Structures are given as C-alpha cells and as structure tokens.
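A quick note: this is a predicted structure, and the numbers were derived from the prediction, not measured. Residues: numbered from 1 along the sequence shown.
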Amino acid sequence: MTGDRAPALPPVVERAAFHEELEALHEREKAHTREDDAIAAARRRLPVVEMPADLELTGPDGPVTLLDAFEGRRQLIAYYFMWHPGHPAAEQCEGCTWVTSQVRELSYLHSRDITYAVFCQGPYEESRRYRDFMGWENVPWYSALPSQETLLTGRHVGMMHLVCYLRDGDRVFETYWTTRRGVEAMDYSYALMDLTVYGRQELWEDSPSGWPHVQRTDDDALRLRSGGRPIPQWARVESGHSDALTR
C-alpha cells in the first residue's frame with residue numbers, strides 16, 4: 001500500500017445507519033464474550049496432572065527446579081520459546097519473538113499470585129543473550145533443555161507452547177496448555193488489528209475484495225518479518241544493541 005489512499009473503502013453511510021449496523025455487531029460481540037467466559041469457566045474445571053517438582057531447568061545461576069521457577073507464587077505460566085541452536089538473532093523464531101515482545105508488565109500477574117517465565121528450548125547462555133538483545137530483562141528466563149522431553153510429554157518438542165502450572169506446597173501440577181494460535185493469548189497487537197477495518201491484512205482473512213494485504217504470501221513467517229529479521233529486532237539494532245548470540 002502506497003500513499004495516503006487505501007486500495008478500497010467500506011461503504012460510506014450516515015451516522016444513524018452506521019450505529020444501527022454497529023449495534024447489531026455489538027450483540028454478536030457480547031455473545032462471543034459470554035462464550036469466552038464460559039470456556040474460561042470450563043478451563044478452571046479441568047483435571048490436572050502432577051509433574052515432578054524437581055525437574056531441572058537452567059537459570060542465571062545454574063541448575064534450578066520447576067518448583068523454583070514459581071518464585072514462591074501459587075501459579076506459573078511458562079512460554080516455551082522455540083530455538084534454532086547456533087543460528088544468529090535474525091534467524092530466531094519470529095513467532096516466539098512476536099508473542100514474547102507483548103509481555104512487558106508482570107505486576108498484574110504477580111498481584112494474582114502468578115509468575116510468568118520463558119522456558120527456552122535452547123541452551124541458556126545463547127538464548128539469554130537473545131533475551132538481553134531484545135530488552136526482555138524483566139522476564140524470568142530459563143533453558144528447558146535439561147528436562148524438556150518430560151516437560152512437554154505428548155507434545156511436539158521444538159514448537160511454541162504456553163503451559164500453566166499450579167503449586168500446592170512442594171507439589172506441582174500442569175493445569176492447561178495450548179500451542180499455535182492459542183498463544184495469541186499473549187498478544188495485543190493482533191487483537192487491536194482485529195478491531196480495525198482492514199484487520200490483520202493477511203490472506204486467510206475473510207475480507208472484501210480490494211482490501212490490502214501486508215504480505216502477498218502464504219508463508220506465515222514472512223508476515224512477522226521485515227528486511228530478513230523478526231520485526232521487533234530492528235528497533236534494538238537501530239538503538240545500537242548487539243545481536244551477537246555467541247562469544
């Protein structure tokens with residue numbers, strides 16, 4: 001899309017007609033919200049599975065346990081960050097970079113006795129340098145490598161996962177997990193795009209003819225990249241931050 005004009009415009013109507021159609025859509029949105037609340041209620045009633053609390057992770061000071069990652073809180077949300085060992089920053093996962101970039105303020109989670117942490121599926125030192133390059137220093141960061149086969153039992157190791165845990169004293173339970181588009185729970189950028197007239201501007205969306213597309217490609221990765229890098233990396237590079245992941 002070039003210049004100030006969009007490729008296509010929606011119909012233009014008087015405000016009364018606009019409000020009438022918008023109110024009809026609001027009713028559908030309210031129904032969607034109620035269904036989302038009902039799904040969350042069902043999620044709270046799921047059974048749980050016990051996990052070995054002493055599963056090993058690697059943290060800034062060496063080995064720690066899954067129980068340690070709770071930081072004393074009752075609940076833990078862990079994002080399992082995909083990793084490409086030995087690859088430069090520009091070649092690391094654009095999807096994981098996208099969702100991890102959204103999680104900045106942790107105090108609201110902490111106020112509900114919830115810890116948020118990243119469990120990277122790669123070596124600690126290399127991946128921690130990526131965390132530092134991206135400016136995610138406030139996010140607890142661990143390598144899941146020592147135990148990831150057990151932590152991700154029954155799932156595809158190497159794929160993005162969002163997993164919730166509960167602690168009862170020294171016992172740890174897994175309560176929920178999701179992957180692929182389920183990790184959009186971490187995101188606000190796409191949620192805001194969904195409110196706009198052009199949406200996410202992706203090919204899979206049901207949009208009127210003539211609506212713009214940010215990338216005319218079926219490759220999901222390219223929609224989260226610019227100039228060969230995950231989009232958020234450019235601001236860090238331009239601010240002078242080193243993206244070297246090896247020493």
Side-chain angles (χ1 to χ4, degrees), residues 1-44 77 79 82 90 92-109 111-112 116 134-136 139 159-162 176 178-239:
M1 191 160 49
T2 59
D4 295 328
R5 287 190 60 82
L9 286 173
V12 179
V13 298
E14 298 297 326
R15 180 160 291 277
F18 168 67
H19 280 174
E20 182 179 353
E21 294 214 25
L22 184 59
E23 283 304 310
L25 183 62
H26 281 167
E27 288 303 313
R28 294 180 63 187
E29 290 178 337
K30 290 174 186 176
H32 175 80
T33 298
R34 288 190 290 268
E35 175 62 11
D36 195 47
D37 290 343
I39 291 171
R43 191 180 294 119
R44 292 192 292 273
I77 300 172
Y79 180 72
M82 297 167 62
Q92 294 304 327
C93 179
E94 58 284 328
C96 292
T97 301
W98 154 51
V99 291
T100 305
S101 294
Q102 314 296 313
V103 183
R104 293 291 188 173
E105 182 53 68
L106 302 180
S107 62
Y108 293 104
L109 292 173
S111 76
R112 299 298 192 273
Y116 170 83
M134 292 303 303
W136 301 329
V139 175
M159 184 180 290
M160 58 173 63
H161 298 284
L162 189 61
Y176 175 77
T178 188
T179 187
R180 296 187 182 274
R181 286 195 65 184
V183 305
E184 286 186 18
M186 301 164 62
D187 167 73
Y188 67 88
S189 294
Y190 274 17
L192 290 174
M193 290 179 198
D194 286 341
L195 301 180
T196 70
V197 70
Y198 292 132
R200 304 182 187 194
Q201 302 174 42
E202 296 181 0
L203 289 177
W204 62 265
E205 290 179 289
D206 180 4
S207 297
S209 177
W211 255 227
H213 295 104
V214 68
Q215 292 279 358
R216 293 192 174 277
T217 175
D218 291 326
D219 187 343
D220 290 339
L222 292 180
R223 291 193 284 271
L224 296 172
R225 287 180 168 269
S226 174
R229 288 180 176 272
I231 291 168
Q233 288 188 7
W234 283 110
R236 304 297 294 175
V237 171
E238 290 164 1
S239 296

Closest approach of [X] and [Y], non-hydrogen atoms and distance?
X	Y	result
Pro230	Ala90	CD-O, 3.4 Å
Val139	Val103	CG2-O, 4.0 Å
Gly210	Ala8	O-CB, 3.5 Å

Subject >> Those residues that, when tested against Pro208, pass side-chain contact (heavy atoms from CB on, under 4.5 Å) (two or more places apart) >> reply: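 For Pro208 the side-chain contact (heavy atoms from CB on, under 4.5 Å) partners, ignoring immediate neighbours, are Trp211.
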Subject >> Ion pair check, Arg181 and Glu202, cut-off under 4.0 Å >> reply: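 Glu202 and Arg181: not salt-bridged.
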Non-neighbouring partners of [X] that pass side-chain hydrogen bond (donor to acceptor under 3.5 Å, both in side chains), sequence neighbours left out:
X	result
Trp98	Asp187
Arg236	His241
Gln92	none
Arg104	none

Does a side-chain heavy-atom distance below 4.5 Å link [X] with [Y]?
X	Y	answer
Asp194	Arg200	yes
Tyr190	Val99	no
Leu162	Met186	yes

Mind listing the side-chain donor-acceptor pairs of residues 14-26 below 3.5 Å, one per line with the distance, residues two or more places apart or on another chain?
| from | atom 1 | to | atom 2 | distance (Å) |
| --- | --- | --- | --- | --- |
| Arg15 | NH1 | His19 | NE2 | 3.3 |
| Glu23 | OE2 | His26 | ND1 | 3.4 |

**OP:** Using a cut-off of 6.0 Å, state whether more than 12 heavy atoms not belonging to Arg180 lie near its atom CZ.
**Re:**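 Incorrect, the count does not exceed 12.
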Subject >> Gap separating the OG1 atom of Thr179 from the CE atom of Met160, nearest 0.5 angstrom >> reply: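 Result: 6.5 Å between the selected atoms.
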**OP:** To the nearest 0.5 angstrom, please state how far the CE atom of Met134 sits from the OG1 atom of Thr100.
**Re:**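 OG1 of Thr100 is found 9.0 Å from CE of Met134.
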**OP:** Report the residue from Arg225, Met82, Arg229 that forms a side chain to side chain contact (heavy atoms under 4.5 Å, CB included) with Glu94.
**Re:**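 Only one of Arg225, Met82, Arg229 forms a side chain to side chain contact (heavy atoms under 4.5 Å, CB included) with Glu94, namely Arg225.
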